[in-house]
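Structure record follows, encoded as structure tokens.
Only heavy atoms go into these numbers, but all of them, side chains included; no hydrogens, no water, no symmetry mates. Every chain is numbered from 1 and lettered A, B, ... according to where its sequence line falls, protein lines coming before strand lines.
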Amino acid sequence: MTVRLYDTRSQALREFDPVVPGRVGIYVCGPTVQSSPHIGHLRSALSYDVLRRWLAHRGLAVTLIRNVTDIDDKILDAAPRSGSEWWAHAYRVELEFAAAYRAIGVQEPTYEPRATGHIGGMLDLIARLVDAGHAYPATDDSGDVYFDTASWPDYGSLTRQSGDALVSGDGEGRARRSPRDFALWKGHKSGEPESAAWPSPWGRGRPGWHIECSAMAERYLGTEFDIHGGGLDLRFPHHENELAQSTAAGSPFARLWVHNGLVTVGGQKMSKSLGNSVFAADLLGAARPVVVRYALAAAHYRSDLDHHAGALVEAEEAVSRIERFLVRAEDEGATPAVVPIPHAFAAAMDDDLGVPQALAVLHETIRRGNQALDAGELDLAGEAAAAVRLMAGVLGVDPLDPAWSAGVREDGSAEALNALVERLIAERQTARESRDWAAADRVRDELAAAGIVLTDTGGGTRWSIDGR
RNA sequence: GGUGGGGUGGCCGAGAGGCGAGGCAACGGCCUGCAAAGCCGUGUACGCGGGUUCGAAUCCCGUCCCCACCUCCA
């Protein structure tokens, strides 16, 4: 049983074949911490979270490296506007990302290296490239160092774009041999903070955009590793350049390139100029975290995902259905069981993470479980419930996972509310027994007005807060 | 223009030659005091025009439209 993944470079489904048997090294491009996390960042992180969970489920020892790029033009630009030093700005944004990731159940990466902590590794890599004749210092006194694309025939192999179209915006107007060449190192410019410059053989300066990922991937995963991931928008120039500089420096680099699809909002590209960005905080303010996760993880990771009014409502309904079944199974005494994950689910996940089909299996299992409960077949129901928890757990969308309530302060209000509602339920029951339907319905209506829904079941009346 | 990816029922979203994934919504039924939940059932869906085939959403030809990247972006 092997996992197949779509590899961007070969444009084909490839069987996952680890460099080291039983282990998998994954490098994912994390954020450039310049501004608050948005829906696209969450979707991306979620894609690789599901990937690593599945590979781990398959028994592989996963090393997941997700970097933080904390030195960059954009950060230097943004920091003054927030009245902060660039490093303070970057760190504050990094904390926002961490909080958002944690909220939706993205597991911590094995390590989360920062670019600023790896300047030495970058300089080593640049030196290797210069020595090998694949990089050169600028001919002017800028202190820049460029990658020499003309010296590397494979340049462009990841995205197969014609040579003429490959123009890097980096180092515009400064001394480079070709507009395709990109900056590995940027000489310090007057006006830039002194704290944003590091010494180098080519003068004081800071790293170019792509070099940090090459350096950090090699440091933590070695010169050849299994999977490199990132957003579709990073294919060019970022990943193309990463691939070129690493391979030109003599590293085989990533075996598989995986790219997640982008998120549109109401069918439109999300952009600052359109002002239609949906931030993590917006989503988490609109729905409970497990619902946000479901909404962003339910589509296949490679497809475009359109976020629209109602998306969270639909996700809430789907999550509630899972939750209602699990709660019902427990309430009605379904026999606890230990079951393997359903074959159809595993087959779907093995096939390039077919989450949509996997969710179909999950929902079918719920239906069979409900059928079993209807028929009083508690063994079957218990097996279904166990399978559902297993599947939902792998996808990280088990509504009953204690992780979703971790951090929620327990102040006794839940018990207090429960006592009050149970009293009203008892009152209603008395009315029902004396066939006073008007009085019984009044209780139900009053609770409904407060957002509390009553459900009569074989085993008594349950209550829940609307939508939970 | 170059490079990729798409157009599927009211909505979301899979599939990729042959019993109409799954979710949401809708309608009918069972259950219920009534509901809710649950279960059962109901949809002549595959951009358009041709073609191949016993059979096409799936293959071929043509055609229209959309999106992303090519400049910073998950």
Nearest-Å distance for atom pair CZ/C1', residues A:Arg442 and B:G33: 16 Å

Distance below 4.0 Å between A:Gln357 side-chain N/O and B:G15 OP1 or OP2: yes

Short side-chain N/O contact from A:Arg324 to OP1 or OP2 of B:G38, under 4.0 Å: yes

B:G22 phosphate, OP1 or OP2, under 4.0 Å from A:His363 side-chain N/O: no

Ion pair check, A:Arg52 and A:Glu108, cut-off under 4.0 Å: no

Per A:Asp441 side chain, nearest of listed nucleotides B:G33, B:C40, B:G13: B:G33

Below 4.0 Å: OP1/OP2 of B:A74 and any side-chain N or O of A:Tyr101: no

Nearest-angstrom distance, C1' atom, B:A14 to B:U8: 10 Å

Donor-acceptor pair present, A:Asp306 side chain and B:C67 base, under 3.5 Å: no

Length of the line joining A:Asp233:CG and B:G5:C1', which is rounded to integer Å: 14 Å

Under-4.0 Å side-chain N/O to phosphate OP1/OP2 contact, A:Asn260 with B:A74: no

A:Leu395 CG to B:G23 C1', straight-line distance once rounded to whole Å: 14 Å

Sugar-phosphate only, base, or nothing, as touched by A:Leu454 at under 4.0 Å among non-hydrogen atoms: base

Polar pair under 3.5 Å, donor/acceptor by atom type, side chain A:Arg235, base B:C70: no

hbond_proxy A:Arg444 side chain to B:A35 base (donor-acceptor, 3.5 Å cutoff): yes

Sugar-phosphate, base or nothing in reach of A:Asn370, heavy atoms under 4.0 Å: sugar-phosphate

Candidate nucleotides B:A35, B:A74, B:G33, ranked by approach to the side chain of A:Met270 - the nearest: B:A74

Residue whose closest nucleotide on RNA chain B lies nearer the 5' end, A:Ala318 versus A:Trp437: A:Ala318

Options B:G5, B:A74, B:C34, nucleotide nearest the side-chain atoms of A:Gln11: B:G5

Pair of N/O donor and acceptor under 3.5 Å linking B:G6 base with A:Asp304 side chain: no

Touch class at under 4.0 angstrom, heavy-atom based, for A:His238 against every strand present: nothing

Carboxylate-amine/guanidinium contact A:Asp351 A:Arg4, below 4.0 Å: yes

A:Tyr91, OH: over 12 other non-hydrogen atoms inside 6.0 angstrom: no

Minimum-distance nucleotide to A:Leu305 side chain [options: B:C34, B:G13, B:A14]: B:G13

Interatomic distance where CG belongs to A:Asp374 and C1' belongs to B:G41 [whole Å]: 15 Å

Sugar-phosphate, base or nothing in reach of A:Glu314, heavy atoms under 4.0 Å: base

Whole-Å distance separating the CZ atom of A:Phe236 from the P atom of B:C70: 8 Å

Ring centers of A:Tyr220, A:His118 separated by less than 6.0 Å: yes

Touch class at under 4.0 angstrom, heavy-atom based, for A:Arg367 against every strand present: sugar-phosphate

A:Thr247 side chain to A:Ala244 backbone, donor-acceptor under 3.5 Å: yes

Sugar-phosphate, base or nothing in reach of A:Val361, heavy atoms under 4.0 Å: nothing

NZ/NE/NH1/NH2 to OD/OE distance under 4.0 Å, A:Arg43 and A:Asp304: no

Whole-Å P distance, B:G6 and B:U58: 15 Å

Separation between the C1' atoms of B:G10 and B:G17, rounded to whole Å: 29 Å

Worked verdict on A:Thr32 versus A:Asp72 for side chain to side chain donor-acceptor pair (under 3.5 Å): CA-CA 8 Å; A:Thr32 296; A:Asp72 173 82; 5.0 Å; no

Short N-O contact, A:Arg444 and A:Asp441, less than 4.0 angstrom: yes

G-U wobble or Watson-Crick pairing nucleotide for B:C69 (cut-off 3.5 Å, both distances): B:G2

Sugar-phosphate only, base, or nothing, as touched by A:Leu232 at under 4.0 Å among non-hydrogen atoms: nothing

Sugar-phosphate, base or nothing in reach of A:Arg428, heavy atoms under 4.0 Å: base

Nearest-nucleotide pick for A:Arg321, side chain only, options being B:C24, B:C72, B:G33: B:C24

Sugar-phosphate only, base, or nothing, as touched by A:His38 at under 4.0 Å among non-hydrogen atoms: base

P spacing across the pair B:G13 / B:C24, given as an integer number of angstrom: 16 Å

RNA chain B: 5'-proximal contact among A:Glu364 and A:Asp351 (nearest heavy atom): A:Asp351

Atom C1', compared across B:G55 and B:G2: separation rounded to whole Å: 40 Å

Touch class at under 4.0 angstrom, heavy-atom based, for A:Tyr6 against every strand present: sugar-phosphate

A:Ser303 side-chain N/O to B:A14 phosphate OP1/OP2 under 4.0 Å: yes

Rounded interatomic separation in angstrom, taking CG from A:Leu359 and P from B:C24: 12 Å

Parallel, tilted or perpendicular, as decided by the 30° and 60° cut-offs, for the rings of A:His259 and A:Trp257: parallel

Pairing nucleotide - B:G38, Watson-Crick or G-U, each distance under 3.5 Å: B:C30

Closest to the A:Ala360 side chain, choosing from B:G22, B:C34, B:G38: B:G22

Minimum-distance nucleotide (side-chain atoms of A:Pro356 versus B:A21, B:G5, B:A68): B:A21

Distance between P atoms of B:C48 and B:G29 (Å, rounded): 35 Å

Sugar-phosphate, base or nothing in reach of A:Gly231, heavy atoms under 4.0 Å: sugar-phosphate

Atom pair distance, as rounded to whole Å: CD in A:Glu240 and C1' in B:G4: 13 Å

Rounded interatomic separation in angstrom, taking OH from A:Tyr155 and P from B:C70: 12 Å

